[in-house]
Amino acid sequence: MFRTRFAPSPTGYMHIGNLRTALYAYLIARQADGKFILRIEDTDQNRNVPEAVQAIYNGLKLAGIEYDEGPDKDGGFGPYVQSQRLPIYAEYAQKILDSGHAYYCFCQKEDKPALEETGERVQGYRDPCRSLSEEEARVKFAQGIVPVVRQRIPEGTSTFYDHVYGEITIDNSQLDDQVLLKSDGFPTYNFANVVDDHLMAITHVIRGQEYLTSTPKYNLLYEAFGWNRPEYIHLPHIIREDGGKLSKRAGDPSFEDLVRMGYLPQAIVNYVALLGWNPGDEREFFLLADLVEAFDMNRINKSNAAFSFDKLRWLNGEHIRALDPEGFHNFALPYYPQSLTGFDLRQLSALIQIRTENLTDIPGLVGFFAELPEYEADLFVHQKSKSTLESSRMVLEAVLPIFDALDEWNNESLFAVLKTFANKAGFKVGTVMWPIRTALSGQETSPGGATELAALLGKEETLRRISLGLEKLG
RNA sequence: GCUCCUAUGGUCUAGUGGUUAGGACGCGGCCCUUUCAAGGCUAAAACCCGGGUUCGAGUCCCGGUAGGAGCACCA
């Protein structure tokens, strides 16, 4: 039975990278008919954003990623919030202390050599407290110093297999005696993730590549406890197109931000899945359910991938076009201007669906329906349609009574009547259509042609706009 | 600084010793057409560098270079 987990810390929003990690973990579990677990990693008391857990629920829900077990969905392996598991960590810390794989450290933060500031890492530095006798420790305790618990890293080298990166070997001298239990009684990620993953029977650990070099430390912990290691799937990072890292602070959008920017959740999920993975054939359009089928963790890439808004936009367009008319209409509705009344909005949706790449395009696409923009007469001149000011004047003048007499007002009837007129008058269809479309839209381009716009605007408004066009033509 | 990882067009990628190096986004052109889209066709554009191994390397090995990550009482 596969069991994977998504273990975010509650920061208040879903990073793009987190979304992909959650997605992959979900896909790996689903396609094996396994379980996908949500666990909240809130062991940093300084970094707890209230309401942030709710943001995680919302994000996953928006993405369509359903978890089988989580804080609000007990599966018998809870609690699923680390701050509620403190006694468990204390118990296992004691065990590892007893077995000698960890020790109390009474050093204060300032006592530590400043490794990074100087740029000089002290090779093989070992904490002085690792060799403290029981007696010495007792004295420190008596002095009221609250210790941390540190892992005792043994000599040697550590090797493990990762499904993405293959075999990784690291010399233990590169690993330091990391803190397992902080002085506030909370575990560090380094300890909690191992204890929880084991206790929650996680079989596959999917996480960012930043954990690759510390994985040996976790493996040593598994060994110290006599537990089996999980399988590892470390993911390359998603970066910006300019090569920098994606950061909320630098203005890069979160998953929720992207949705607000007009991208469909399913398009974002699809796009993000493709950042570092491909199906092995040339498909690119995937709905979540298709991803479950197609995903293969052995096809995950090793190198970082840049997030391209251009490609996301294209894929978003693909997803918009794949929506059924009703589905698109529901997405589009909130983007229609208030002033857009008296129109068959469903028909309008049908007109713009194929032309919408991003939902935020919509107001700009439909604005002229609500109000005819100002435009100059020379907009009637269009070489390709063989439309001139003179031809436009002739067409609009002739078309006014034809429209006025037309009883059946729809795209087909309008097109038929205009085509007949064009033939009779010796015009190309385009020469007739261009001035009408221009008069109706006041724009160089519009979603839909002359007859589609006329059908939607209705007879009265159509006649009004054509008259207005005629005025401009003098 | 030390360690680990990575390296195919601008970007996402296919490729597991023999290919005209394939696809997608974007960009240009053409077709279609009731403007614009959509759709179809098409062009330009890539194997980081240097050594090996081999009859033959984008593919294997070594060394550079470049980029990323880690080295917290953060996750």
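Letters A, B, ... mirror the listed sequences (proteins, then strands); counts begin at 1.
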Undergrad: For A:Thr169, report the nucleic acid contact type (base, sugar-phosphate, nothing); a contact means any heavy atom under 4.0 Å.
TA: sugar-phosphate
Undergrad: When you measure from the side chain of A:His237, which nucleotide among B:U11, B:G68, B:G22 comes out closest?
TA: B:G68
Undergrad: Any donor-acceptor pair under 3.5 Å linking the side chain of A:Arg299 with the backbone of A:Asn278?
TA: yes
Undergrad: Can you identify which nucleotide, out of B:G23, B:U35, B:U34, has its nearest atom closest to the A:Glu284 side chain?
TA: B:G23
Undergrad: Under a 4.0 Å heavy-atom cut-off, which of residues 189-197 of chain A touch RNA chain B?
TA: A:Tyr189, A:Asn190
Undergrad: Counting only Watson-Crick or G-U wobble pairs whose two distances fall under 3.5 Å, which nucleotide matches B:A45?
TA: none
Undergrad: Could you work out the separation of B:U16 and B:A75 based on their C1' atoms and round it to a whole Å?
TA: 36 Å
Undergrad: So which nucleotide from B:U35, B:U34, B:A75 ends up closest to the side chain of A:Ser446?
TA: B:U35
Undergrad: Is the side chain of A:Gln151 donor-acceptor paired with the backbone N or O of A:Lys217 at a distance under 3.5 Å, no angle test?
TA: yes
Undergrad: Regarding A:Tyr336 and A:Ser349, is there a side-chain donor-to-acceptor distance under 3.5 Å anywhere?
TA: yes
Undergrad: Between B:A69 and A:Lys245, is there an OP1 or OP2 to side-chain N/O distance shorter than 4.0 Å?
TA: yes
Undergrad: What nucleic acid atoms does A:Ser214 come within less than 4.0 Å of, heavy atoms only: base, sugar-phosphate, or nothing?
TA: nothing
Undergrad: Among A:Leu345, A:Leu351, A:Asp361, A:Ile352, whose side chain to side chain contact (heavy atoms under 4.5 Å, CB included) with A:Val366 holds?
TA: A:Ile352
Undergrad: Want to settle it: does A:Gln209 or A:His382 sit nearer the 5' end of RNA chain B, counting the closest nucleotide to each?
TA: A:His382
Undergrad: Across all strands, who's sitting opposite B:U65 as a Watson-Crick or G-U wobble pair, both distances under 3.5 Å?
TA: B:A7
Undergrad: Where the side chain of A:Thr43 is defined as all heavy atoms beyond and including C-beta, which of B:C4, B:G68, B:A75 is the nearest nucleotide?
TA: B:A75
Undergrad: Can you check whether A:Phe415 stacks with the B:U34 base, using ring centres under 5.5 Å and planes within 30°?
TA: yes
Undergrad: Could you check which of B:G39, B:U34, B:C5 has an atom nearest any side-chain atom of A:Ile168?
TA: B:C5
Undergrad: What is the distance from CD of A:Glu282 to C1' of B:G23, rounded to the nearest Å?
TA: 4 Å
Undergrad: For the P atoms, the ones on B:C27 and on B:A38, what distance do you get once it is rounded to whole angstrom?
TA: 10 Å
Undergrad: Write down the distance separating the C1' atoms in B:U8 and B:U59, rounded off to the nearest Å.
TA: 11 Å
Undergrad: Using both distances under 3.5 Å as the test, list the Watson-Crick or G-U wobble partner of B:A21, or none.
TA: none
Undergrad: Looking at A:Lys311 and B:A24, is any side-chain donor or acceptor paired with a base atom of the opposite kind under 3.5 Å?
TA: yes
Undergrad: I want to verify a distance call: between B:C12, B:G39, B:A14, whose nearest atom is closest to the A:Asn278 side chain?
TA: B:A14
Undergrad: Kindly give the heavy-atom pair with the smallest separation between A:Asn172 and A:Pro154, and that separation in Å.
TA: ND2-O, 3.0 Å
Undergrad: Is there a donor on the side chain of A:Thr213 or the base of B:C71 sitting less than 3.5 Å from an acceptor on the other?
TA: no
Undergrad: With a 4.5 Å cut-off on side-chain heavy atoms, are A:Phe307 and A:Leu258 touching?
TA: yes
Undergrad: Sort out the partner of B:C60 for me: Watson-Crick or G-U wobble, both distances under 3.5 Å, none otherwise.
TA: B:G52
Undergrad: What is the separation between atom CD on A:Glu241 and atom P on B:G10, rounded to the nearest whole Å?
TA: 12 Å
Undergrad: Looking at B:C4, B:C73, B:U34, which one has an atom nearest to any side-chain atom of A:Arg150?
TA: B:C73
Undergrad: Between A:Phe403 and A:Lys459, is there a cation-pi geometry (under 6.0 Å to ring centre, at most 45° from the normal)?
TA: no
Undergrad: I want to verify a distance call: between B:C12, B:U6, B:A72, whose nearest atom is closest to the A:Asp176 side chain?
TA: B:A72
Undergrad: Do A:Lys472's NZ or CZ and the ring of A:Tyr375 fall within the cation-pi criteria of under 6.0 Å and 45°?
TA: yes
Undergrad: At 4.0 Å (heavy atoms only), tell me whether A:Ser303 reaches a base, stays on the sugar-phosphate, or touches nothing.
TA: sugar-phosphate
Undergrad: Taking atom P in both B:G23 and B:A44, compute the distance separating them and give it to the nearest angstrom.
TA: 12 Å
Undergrad: Looking at every strand, decide which applies to A:Arg299 at a 4.0 Å heavy-atom threshold: base, sugar-phosphate, or nothing.
TA: sugar-phosphate
Undergrad: Using only modelled atom types and a 3.5 angstrom limit, is any donor from either the side chain of A:Tyr211 or the base of B:A75 paired with an acceptor on the other?
TA: yes
Undergrad: Side chains of A:Asp162 and A:His234: do they bring a donor and an acceptor to under 3.5 Å?
TA: yes
Undergrad: Determine the contact category for A:Ala450: base if any of its heavy atoms lies under 4.0 Å from a base atom, sugar-phosphate if only primed atoms, P, OP1 or OP2 are that close, otherwise nothing.
TA: base
Undergrad: Can you tell which of B:U35, B:A37, B:U34 lies closest to the side chain of A:Asn411?
TA: B:U34
Undergrad: So what's B:G70 paired with, Watson-Crick or G-U wobble, going by both distances under 3.5 Å?
TA: B:C2
Undergrad: Which part of the nucleic acid, if any, lies within reach of A:Val148 when heavy atoms closer than 4.0 Å are counted: base, sugar-phosphate only, or nothing?
TA: base
Undergrad: Rounded to whole angstrom units, what separation is found between the CD1 atom of A:Ile239 and the C1' atom of B:C12?
TA: 11 Å
Undergrad: Is there a side-chain contact between A:Pro253 and A:Met261 (heavy atoms, below 4.5 Å)?
TA: yes
Undergrad: OP1 or OP2 of B:A75 versus the side-chain N and O atoms of A:Arg207: is any pair under 4.0 Å?
TA: no
